[in-house]
There are 2 protein chains.
Amino acid sequence: MAVAEDYVELVADLLREEGEARSVDIARRMGVAQATVAATVTRLQRDGLVATKPYRGIFLTEAGQAMASAARERHELVVRFFLTLGLDRATAEADAEGVEHHVSEATLEAFARFLAERKDMA
Amino acid sequence: MAVAEDYVELVADLLREEGEARSVDIARRMGVAQATVAATVTRLQRDGLVATKPYRGIFLTEAGQAMASAARERHELVVRFFLTLGLDRATAEADAEGVEHHVSEATLEAFARFLAERKDMA
DNA sequence: AGCAGATATTAGCCTAGGCTATGTTTTGGA
DNA sequence: TCCAAAACATAGCCTAGGCTAATATCTGCT
């Protein structure tokens, strides 16, 4: 069950990696039906996060880009944190997905502090 | 947005603390309308997690008790982990709620390992 | 140029969790 | 005892995320 932010994040990734974000790729990468992508994109558009040119892919608005880079930062912080705790990459990535939308700033800062301390020790 | 497991957990808490779990208390504690509790309880009953005696409160089935104690264990593990990371109690409790349903066993084990190591050091 | 296959859209349906408003039952206190 | 307040139930609606099936559009290849 992906959340809006995950879609935005993925659109950003696809734009960076492939140069364009097509629904078919989003569907494949998220393991979801194309119709689901269409519905979600409609919501994202309504919320001013993406713009679409029909049959020409999906683009991020300013707000969408801001959300994507914030999400990306959070995602990477959580993944690094999990890796440091000794999780394998796959689990770290998967669980970060589940966690990053549900923790407060305070907790993210605690993760960051932990990483900083760990680095000092190494 | 509470999830079924949260309701089961709360029913267990209420039964322990108050001796009975009434919808009105569930609604108050979860900050949710009574009608929402009624709907959720119907689902929990359908799924064999609780039984109700109308106007006599809600009870846990075997399966419900199993879920509740597993949830409780997870919850406490996550809270202890967050406290050890330096979070205040309120944040730890709140964020644990968000996290405990979204991490794998492997991650919970990593949390437990971390706590065990920390204890050795103290 | 035209058509087949890829891609996108639309319609219609589902589930979990929410809400308000409107009944019903129960129950405790005068 | 009986009745009002508290508790519970029901109806109707909403949203985010899912699905399938059917339709429309586009694009690349012959």
Side-chain angles (χ1 to χ4, degrees), chain A residues 1-11 13-15 17-60 63-64 67-68 71 94 97-102, chain B residues 1-11 13-15 17-60 63-64 67-68 71 94 97-102:
Chain A
M1 187 70 86
V3 84
E5 211 166 68
D6 296 320
Y7 283 88
V8 171
E9 222 176 323
L10 179 51
V11 169
D13 287 351
L14 286 170
L15 286 172
E17 292 169 22
E18 320 276 345
E20 62 176 351
R22 283 145 70 248
S23 337
V24 68
D25 294 323
I26 296 176
R28 194 169 33 72
R29 294 260 288 241
M30 302 239 318
V32 126
Q34 281 191 35
T36 299
V37 173
T40 304
V41 166
T42 300
R43 284 197 298 274
L44 296 178
Q45 206 162 1
R46 177 201 61 192
D47 297 344
L49 295 164
V50 307
T52 61
K53 304 187 194 165
Y55 294 90
R56 281 282 166 284
I58 295 147
F59 304 88
L60 293 175
M67 174 180 280
E97 207 62 63
V99 161
E100 59 189 83
H101 307 300
H102 296 92
Chain B
M1 188 70 86
V3 83
E5 210 166 67
D6 296 320
Y7 283 87
V8 170
E9 221 176 324
L10 181 50
V11 169
D13 287 351
L14 287 169
L15 286 172
E17 290 169 23
E18 320 276 346
E20 62 175 352
R22 284 145 69 249
S23 337
V24 68
D25 294 323
I26 296 176
R28 194 169 32 72
R29 295 259 287 239
M30 301 240 318
V32 128
Q34 280 190 33
T36 300
V37 173
T40 304
V41 167
T42 299
R43 284 197 299 274
L44 296 178
Q45 206 162 0
R46 176 202 62 192
D47 296 343
L49 294 166
V50 307
T52 60
K53 304 187 195 166
Y55 293 91
R56 281 283 167 281
I58 294 147
F59 304 87
L60 294 176
M67 174 181 280
E97 207 62 64
V99 162
E100 61 188 85
H101 306 300
H102 296 92

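In this text the structure is predicted, and so the values were computed from the model without any measurement.
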**Student:** Rounded to the nearest 0.5 Å, what's the gap from CD on A:E97 to CE on A:M1? Could you check?
**Tutor:**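 If I round to the nearest 0.5 Å, the distance is 14.0 Å.
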**Student:** Please report, rounded to the nearest Å, how far the C1' atom of C:dA16 is from the CD atom of B:E5.
**Tutor:**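 Those two atoms, CD and C1', are 14 Å apart.
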**Student:** With heavy atoms under 4.0 Å as the rule, sort B:V37 into base, sugar-phosphate or nothing.
**Tutor:**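 Nothing, no nucleic acid heavy atom in range.
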**Student:** Can you measure A:E20 atom CD to C:dA6 atom C1' for me and round it to whole angstrom units?
**Tutor:** 13 Å
**Student:** Let me confirm one number: the OG1-CZ distance from A:T52 to A:R22, rounded to the nearest 0.5 Å.
**Tutor:** 15.0 Å
**Student:** Can a salt bridge be assigned to the pair B:K53 and B:E20 using a cut-off of 4.0 Å between side-chain N and carboxylate O?
**Tutor:**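 No, this pair does not count.
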**Student:** Expressed as a whole number of angstroms, how long is the span from A:M1:CE to D:dA16:C1'?
**Tutor:**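 After rounding, the reported distance stands at 8 Å.
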**Student:** Donor-acceptor check, side chain of B:T36 to backbone of B:V32, threshold 3.5 angstrom: yes or no?
**Tutor:** no
**Student:** Reckon A:R46 touches a base, only the sugar-phosphate, or nothing at all at heavy-atom distances under 4.0 Å?
**Tutor:** sugar-phosphate
**Student:** For nucleotides 6-13 of chain D, which of its nitrogen or oxygen atoms have a protein nitrogen or oxygen under 3.5 Å away, and what is each distance?
**Tutor:**
unit_1: D:dA7; atom_1: OP1; unit_2: B:R22; atom_2: NH2; d: 3.0
unit_1: D:dC8; atom_1: OP2; unit_2: B:S23; atom_2: N; d: 3.4
unit_1: D:dC8; atom_1: OP2; unit_2: B:V24; atom_2: N; d: 2.8

**Student:** Does D:dG17 have its OP1 or OP2 closer than 4.0 Å to a side-chain nitrogen or oxygen of A:R43?
**Tutor:** yes
**Student:** Does B:T40 place a side-chain N or O at less than 4.0 Å from the phosphate oxygens OP1/OP2 of C:dG17?
**Tutor:** no
**Student:** Expressed in angstrom and rounded to an integer, what is the separation of A:L49 atom CG from D:dA16 atom C1'?
**Tutor:**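 The answer, rounded to whole Å, is 14 Å.
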**Student:** Indicate the atoms forming the closest heavy-atom contact of B:L15 with B:A21, along with that distance.
**Tutor:** CD2-N, 3.8 Å
**Student:** Rounded to the Å, how far apart are A:L44 CG and D:dT15 P?
**Tutor:**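 Rounded to whole Å, this separation is 16 Å.
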**Student:** How many Å lie between CD1 on A:I26 and C1' on C:dT9, as a whole number?
**Tutor:**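 Distance check: A:I26 CD1 to C:dT9 C1' gives 14 Å.
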**Student:** Give a yes or no answer on whether the side chain of A:D6 reaches the backbone of A:V3 with a donor-acceptor pair at less than 3.5 Å.
**Tutor:**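 Between the backbone of A:V3 and the side chain of A:D6 there is a qualifying donor-acceptor contact (under 3.5 Å).
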